[in-house]
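To keep things clear, I will list the structure first and then write my remarks on it.
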Amino acid sequence: RIAWAFSNLGQPAHVDSVLQRVGTHLAQITEFEKLQLDWLEATAHGDLEDARAAALKLAARSPAWRFLAGVESLQFNRPRDAVAFFRKASERSNWILYWVFLANAYHVLGDHGKELEAARNGRRMYPTAFQGLDAELQALAGLGRVSEVNALLDASLAEPDDMCRSVPLR
């Protein structure tokens, strides 16, 4: 977990340090754990191809990794694969990022109707999550619905300051 935390912080040197220490004990970990380490190392170093390959192997062995395989597929510009993995990972649908990544995959495919549907599903569950608002705005823009984009922006700016604004508009 510590290596994962360093990866999330964008500190690949620290990830390498942890992986080197774990590497001295490879005989004590399972093949599945080795795959996780492969994924983590590839992710920390921006190796999209190896990260996706490891995520696909993990997803084949454990449904819990399907969402991540979708994320890696999307980053590797395989949006159809991403949608398929996200749909198989529906146990994550109670999470705003599930809906945001699904919407983004549909956006890349140019299917802005499904993108809007996914974004609105996420917004229904998390009406104050800025990520959902961002996804809905992007979908509306993709559909060319400028007046709705402007209306939604105006409405969101009138919202109380407790709305999560951690993710900026693109």
Side-chain angles (χ1 to χ4, degrees), residues 1-112 114-115 118-119 121-123 125-126 129-139 142 164-170:
R1 290 183 192 211
I2 189 71
W4 197 311
F6 284 134
S7 180
N8 287 339
L9 292 171
Q11 299 178 355
H14 291 310
V15 173
D16 288 341
S17 176
V18 172
L19 292 178
Q20 285 176 358
R21 291 187 71 191
V22 172
T24 63
H25 302 281
L26 288 180
Q28 298 170 322
I29 66 175
T30 68
E31 284 300 314
F32 189 74
E33 291 167 327
K34 287 177 188 173
L35 280 174
Q36 291 177 39
L37 295 176
D38 291 345
W39 171 81
L40 188 57
E41 183 176 21
T43 300
H45 291 283
D47 186 339
L48 298 179
E49 188 172 1
D50 284 351
R52 181 172 183 267
L56 294 178
K57 290 176 187 174
L58 289 161
R61 293 181 178 206
S62 171
W65 283 81
R66 289 177 181 159
F67 177 79
L68 187 65
V71 172
E72 295 296 349
S73 293
L74 187 56
Q75 290 182 359
F76 198 66
N77 199 25
R78 300 291 301 264
R80 287 189 204 297
D81 292 347
V83 168
F85 278 114
F86 293 144
R87 289 296 183 196
K88 291 177 187 173
S90 61
E91 72 278 359
R92 301 275 187 202
S93 66
N94 63 341
W95 190 30
I96 186 62
L97 291 180
Y98 169 87
W99 295 106
V100 169
F101 277 102
L102 179 61
N104 191 254
Y106 282 126
H107 182 82
V108 173
L109 288 169
D111 190 340
H112 303 298
K114 286 185 180 176
E115 176 189 9
N121 282 337
R123 293 241 14 237
M125 294 178 74
Y126 297 94
F130 186 73
Q131 298 92 332
L133 172 65
D134 185 43
E136 185 171 353
L137 287 167
Q138 181 171 286
C164 175
R165 299 188 188 278
S166 63
V167 179
L169 284 172
R170 290 181 201 99

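Note that these values count all heavy atoms, side chains included, but never hydrogens, waters or copies made by symmetry.
- Judged as a salt bridge (Lys or Arg N to Asp or Glu O under 4.0 Å), the pairs with a partner in residues 39-60 (not counting sequence neighbours) are, in order, R52-D81.
- The main-chain N or O of A69 is found under 3.5 Å from a side-chain atom of S73 such that the two form a donor-acceptor pair.
- The line from CG of L58 to CD of Q36 is 6.0 Å long, rounded to the nearest 0.5 Å.
- F86 pairs by the ring pair (Phe, Tyr, Trp, His ring centres under 6.0 Å) definition with F67, not counting sequence neighbours.
- Inter-residue side-chain proximity for Y106 and L102 is flagged as met; some heavy-atom pair is nearer than 4.5 Å.
- A distance of 13.5 Å separates CD in E136 from CH2 in W99, rounded to the nearest 0.5 Å.
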> Do F85 and V71 pass the side-chain contact (heavy atoms from CB on, under 4.5 Å) test, and can you show the C-alpha distance, the side-chain angles, and the key distance before you say yes or no?
Replying inline: CA-CA 9 Å; F85 278 114; V71 172; over 6 Å; no
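- Between I96 and Y126, the shortest heavy-atom contact is N-CE1, 3.6 Å.
- Contact record, A51 with E72: CB-OE1, 3.5 Å, taken as the closest heavy-atom pair.
- L48 meets the side-chain contact (heavy atoms from CB on, under 4.5 Å) test with Q75, F76; sequence neighbours excluded.
- Without hydrogens or angle criteria, S90 side chain to S93 main chain gives no donor-acceptor distance under 3.5 Å.
- Within the 4.5 Å cutoff, side-chain heavy atoms of L37 are placed close to those of I29.
- K114 has its side chain out of reach of V83: every pair of non-hydrogen atoms, C-beta onward, lies at least 4.5 Å apart.
- Pairing each heavy atom of G132 with each of V100, the nearest pair is N-CG2, 4.2 Å.
- Take R66 and apply the salt bridge (Lys or Arg N to Asp or Glu O under 4.0 Å) test, not counting sequence neighbours, and it matches no residue.
- Residues meeting the side-chain contact (heavy atoms from CB on, under 4.5 Å) test with N77, sequence neighbours left out: P79, V108.
- Remark: K34 engages E31 in a salt bridge (Lys or Arg N to Asp or Glu O under 4.0 Å) (not counting sequence neighbours).
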